[in-house]
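This report concerns only the one structure given below.
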There are 2 protein chains.
Amino acid sequence: MNGQDKDKRDQKMVNKENYLAHISLDCVLFGFHENQLKVLLLKMKHNQQWALAGGFVKQQEPIEEAASRILKERTGINNIFLQQFYVFSNPDRSELHLNTDQLTSISDSNFAEDWFRQRFISIGFYALVEFSQVTPTPDPLSEACTWWDLEEIGSLMMDHNQILLKALETLRMQLNHQPIGYNLLPDKFTIPELQRLYEAILGKKLDRRNFQRKIMAYNILRKLDERRSGVAHKAPDLYSFDLEKYHQALQDGLRGGW
Amino acid sequence: MNGQDKDKRDQKMVNKENYLAHISLDCVLFGFHENQLKVLLLKMKHNQQWALAGGFVKQQEPIEEAASRILKERTGINNIFLQQFYVFSNPDRSELHLNTDQLTSISDSNFAEDWFRQRFISIGFYALVEFSQVTPTPDPLSEACTWWDLEEIGSLMMDHNQILLKALETLRMQLNHQPIGYNLLPDKFTIPELQRLYEAILGKKLDRRNFQRKIMAYNILRKLDERRSGVAHKAPDLYSFDLEKYHQALQDGLRGGW
DNA sequence: GCAAAAGTGTTGGCAATACACCCATGC
DNA sequence: GCATGGGTGTATTGCCAACACTTTTGC
């Protein structure tokens with residue numbers, strides 16, 4: 001083995017030299033498709049459970065960059081919008097779900113044996129991405145990586161259900177302070193589509209007519225000279241976000257509740 | 001030295017055996033006194049700079065418990081209300097302010113030499129306490145521990161100004177969702193006192209009369225059969241929080257902005 | 001009596017809601 | 001034509017901000 005090959009293998013190893021001990025990241029990646037809020041999940045090889053996209057922090061790397069790197073690997077997309085939202089530190093959070101057999105099966109691959117025996121404090125991120133841009137890609141520990149409908153998600157690995165719940169809660173709270181619509185929808189969209197997104201996030205129906213007036217009152221949308229074609233019923237107008245006004249408005253938060 | 005003494009010394013040592021590597025906590029402890037929002041700061045021995053109350057996480061300890069332990073040591077108070085709010089992970093955040101001389105002076109005391117050379121990712125907590133209950137107490141690395149008026153705080157150690165700013169921002173955002181008034185004021189207080197607190201947090205004046213009606217409309221206060229005595233002008237009524245109704249109301253968030 | 005602060009009342013405007021009505025498209 | 005969903009208008013309600021007025025205390 002020459003030096004270059006060894007470097008390459010070391011790069012792939014998850015161990016103390018490359019990553020900070022005790023710290024992990026878990027990313028709740030949201031997408032929006034067919035009026036459903038989706039979350040990207042991975043099926044773990046060692047116990048067949050589904051889990052959030054996760055990873056570790058390199059020795060000299062801000063955590064936001066680590067999250068960005070992890071999400072790039074799972075989706076193929078650079079610079080995904082993300083926000084840290086909570087730290088999960090219960091000492092039992094990992095031990096509950098890792099026994100010796102599972103660790104052995106993990107260490108078959110490129111991973112240092114003792115790495116996963118540590119206690120991990122996990123920093124939770126939520127991330128938003130335009131659904132259609134994503135190419136779901138498993139990591140070395142997982143055999144599948146796919147989108148799940150929010151409502152169809154069952155029991156996840158470790159405390160990932162709790163992390164998901166907290167992410168959703170945070171998303172709701174920040175709906176008027178973060179560019180959530182912008183990051184989940186394609187460039188062009190209709191107001192009813194935006195409304196479905198809001199309804200999916202909030203988990204409740206909104207009045208169609210009041211939603212239109214309220215959104216338009218914010219003055220953050222630009223009406224395009226196009227309509228959604230090939231659709232049943234009246235063709236709805238297409239809009240884009242007016243980015244400057246949008247970010248301006250988010251500074252103080254969009255006023256009013258939903 | 002017998003075994004017990006050695007155990008005791010080891011307990012005091014800050015090193016890898018006792019604490020998780022790479023992870024630190026910084027606590028922004030708020031108090032309220034004489035119509036001013038106060039923050040508890042420590043003056044560090046090694047560089048004479050002022051800093052937030054900080055510490056590390058024991059091997060088997062939830063971070064909330066670690067923060068609670070740290071605050072108990074600085075104030076003498078158990079179970080202080082606290083909330084984690086952000087993780088600060090810039091790789092340069094510590095290196096900028098620690099040189100070899102400083103590290104040498106630190107290692108004179110009970111601290112392992114190499115501990116402070118690590119990169120630390122710091123979890124920020126804000127905490128709220130009734131001012132008069134606190135007995136400020138320095139830690140082994142500091143020579144003073146006192147309250148500071150929010151406006152009079154100058155340049156702090158490392159990135160602690162940034163941490164403080166983010167804490168204040170979070171406090172403002174959560175004013176309608178966390179029991180902030182309850183944890184900063186004594187059991188009995190007047191509505192004008194509560195208003196001064198709100199004004200200090202928000203950094204702006206509020207209308208006296210509208211504040212009264214709005215607070216009372218929440219139905220979270222109980223009027224007592226007492227008044228503030230020995231004070232100039234008309235004696236204001238004393239109130240207490242109706243804890244049950246208060247927490248009930250905070251579930252959905254108190255409606256409306258300030 | 002006077003100044004200053006606490007408590008209560010009144011009003012106008014604006015924003016959120018709950019509707020009614022018209023338009024466009026697929027079948 | 002009719003069902004369905006998109007777009008616009010309107011009326012009522014309720015909240016919020018801006019005021020006036022009264023009460024109480026120290027000096």
Side-chain angles (χ1 to χ4, degrees), chain A residues 32 34-36 172 175-176 181 185-186 188-202 204-240 249-250 252-258, chain B residues 34-36 172 175-176 181 185-186 188-200 202-240 249 252-258:
Chain A
F32 186 66
E34 290 176 344
N35 297 336
Q36 294 289 335
R172 283 177 188 158
L175 194 53
N176 284 355
L185 291 175
K188 301 175 180 181
F189 56 90
T190 69
I191 293 193
E193 282 162 7
L194 182 59
Q195 181 181 344
R196 306 281 153 56
L197 172 59
Y198 272 64
E199 290 176 339
I201 291 174
L202 296 169
K204 66 177 180 189
K205 291 277 170 205
L206 299 172
D207 184 281
R208 188 173 57 87
R209 300 152 271 188
N210 295 331
F211 183 85
Q212 293 230 15
R213 258 185 310 96
K214 190 164 177 177
I215 280 287
M216 292 313 291
Y218 289 146
N219 198 28
I220 57 177
L221 298 182
R222 265 184 308 121
K223 188 172 183 169
L224 305 178
D225 274 341
E226 306 176 61
R227 308 197 157 178
R228 176 77 69 210
S229 61
V231 71
H233 317 303
K234 181 173 179 177
D237 297 326
L238 283 170
Y239 290 81
S240 284
L250 289 174
D252 320 315
L254 305 177
R255 83 185 65 234
W258 299 100
Chain B
E34 292 176 342
N35 298 334
Q36 294 289 333
R172 282 177 188 156
L175 195 52
N176 285 356
L185 292 175
K188 301 175 180 182
F189 55 90
T190 69
I191 292 190
E193 282 162 8
L194 182 59
Q195 182 182 343
R196 306 282 153 55
L197 172 59
Y198 270 65
E199 290 176 339
L202 296 169
K204 67 177 179 188
K205 292 277 170 204
L206 300 173
D207 184 280
R208 189 173 55 85
R209 302 152 270 192
N210 294 331
F211 184 85
Q212 292 231 15
R213 257 184 311 94
K214 191 163 175 177
I215 280 287
M216 292 311 293
Y218 289 148
N219 197 28
I220 57 177
L221 298 182
R222 266 183 308 122
K223 187 174 184 171
L224 306 177
D225 273 341
E226 304 176 65
R227 306 196 159 180
R228 175 76 70 211
S229 61
V231 70
H233 316 303
K234 180 171 178 177
D237 297 326
L238 283 169
Y239 290 81
S240 283
D252 319 315
L254 305 176
R255 83 183 65 232
W258 299 98

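Lettering of chains follows the sequences in order, A, B, ..., and the numbering in each one begins at 1. Atoms considered below: every heavy atom in the structure, side chains included; atoms not considered: hydrogens, waters and symmetry mates.
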query = Which of these nucleotides, C:dT25, C:dA6, D:dA17, is closest to any side-chain atom of A:His233?
reply = C:dT25
Distance, rounded to the nearest Å, where A:Leu206 contributes CG and D:dG6 contributes P = 14 Å
inquiry  = Whole angstroms only, please: what is the CG-C1' distance between B:Asp207 and C:dT10?
reply    = 14 Å
task = Mind calculating the distance between CZ (A:Phe211) and C1' (D:dT8) to the nearest angstrom?
result = 16 Å
inquiry  = side chain to side chain contact (heavy atoms under 4.5 Å, CB included) for A:Arg196 and A:Phe32? Distances and angles first, verdict last.
reply    = CA-CA 9 Å; A:Arg196 306 281 153 56; A:Phe32 186 66; 3.8 Å; yes
inquiry  = Between P on C:dA16 and CD on A:Gln212, what's the gap in Å once rounded to a whole number?
reply    = 16 Å
inquiry  = Set out, in order, the CA-CA distance, both residues' side-chain angles and the distance that settles side chain to side chain contact (heavy atoms under 4.5 Å, CB included) for B:Asn35 and B:Glu199, then state yes or no.
reply    = CA-CA 9 Å; B:Asn35 298 334; B:Glu199 290 176 339; over 6 Å; no
inquiry  = Could you check whether the side chain of B:Asp237 and the base of C:dA6 have a donor-acceptor pair of N or O atoms closer than 3.5 Å, going by distance alone?
reply    = no
message = Rounding to an integer number of Å, can you tell me how far A:Arg213 CZ sits from D:dG6 C1'?
response = 15 Å
request  = Starting at atom CZ of A:Phe189, determine the distance to atom P of D:dG6, rounded to an integer number of angstrom.
outcome  = 15 Å
remark   = With the side chain defined as heavy atoms from C-beta on, A:Lys234 is closest, among C:dT10, D:dG5, D:dG26, to D:dG5
query = Where the side chain of A:Arg209 is defined as all heavy atoms beyond and including C-beta, which of C:dT8, C:dA20, C:dA6 is the nearest nucleotide?
reply = C:dA20
query = Which nucleotide sits closest to the side chain of B:Arg196: C:dA18, C:dA6, D:dG7?
reply = C:dA6
message = Could you go through A:Leu221 and A:Phe189, starting from their C-alpha distance and side-chain angles, then the distance that decides it, and tell me whether this counts as side chain to side chain contact (heavy atoms under 4.5 Å, CB included)?
response = CA-CA 10 Å; A:Leu221 298 182; A:Phe189 56 90; 3.8 Å; yes
Base C:dA18 to side chain A:Asn210, donor-acceptor N/O within 3.5 Å cut-off = yes
inquiry  = Need to verify one output field. Residue with the more 5' nearest nucleotide on DNA chain D, B:Arg208 or B:Lys214?
reply    = B:Lys214
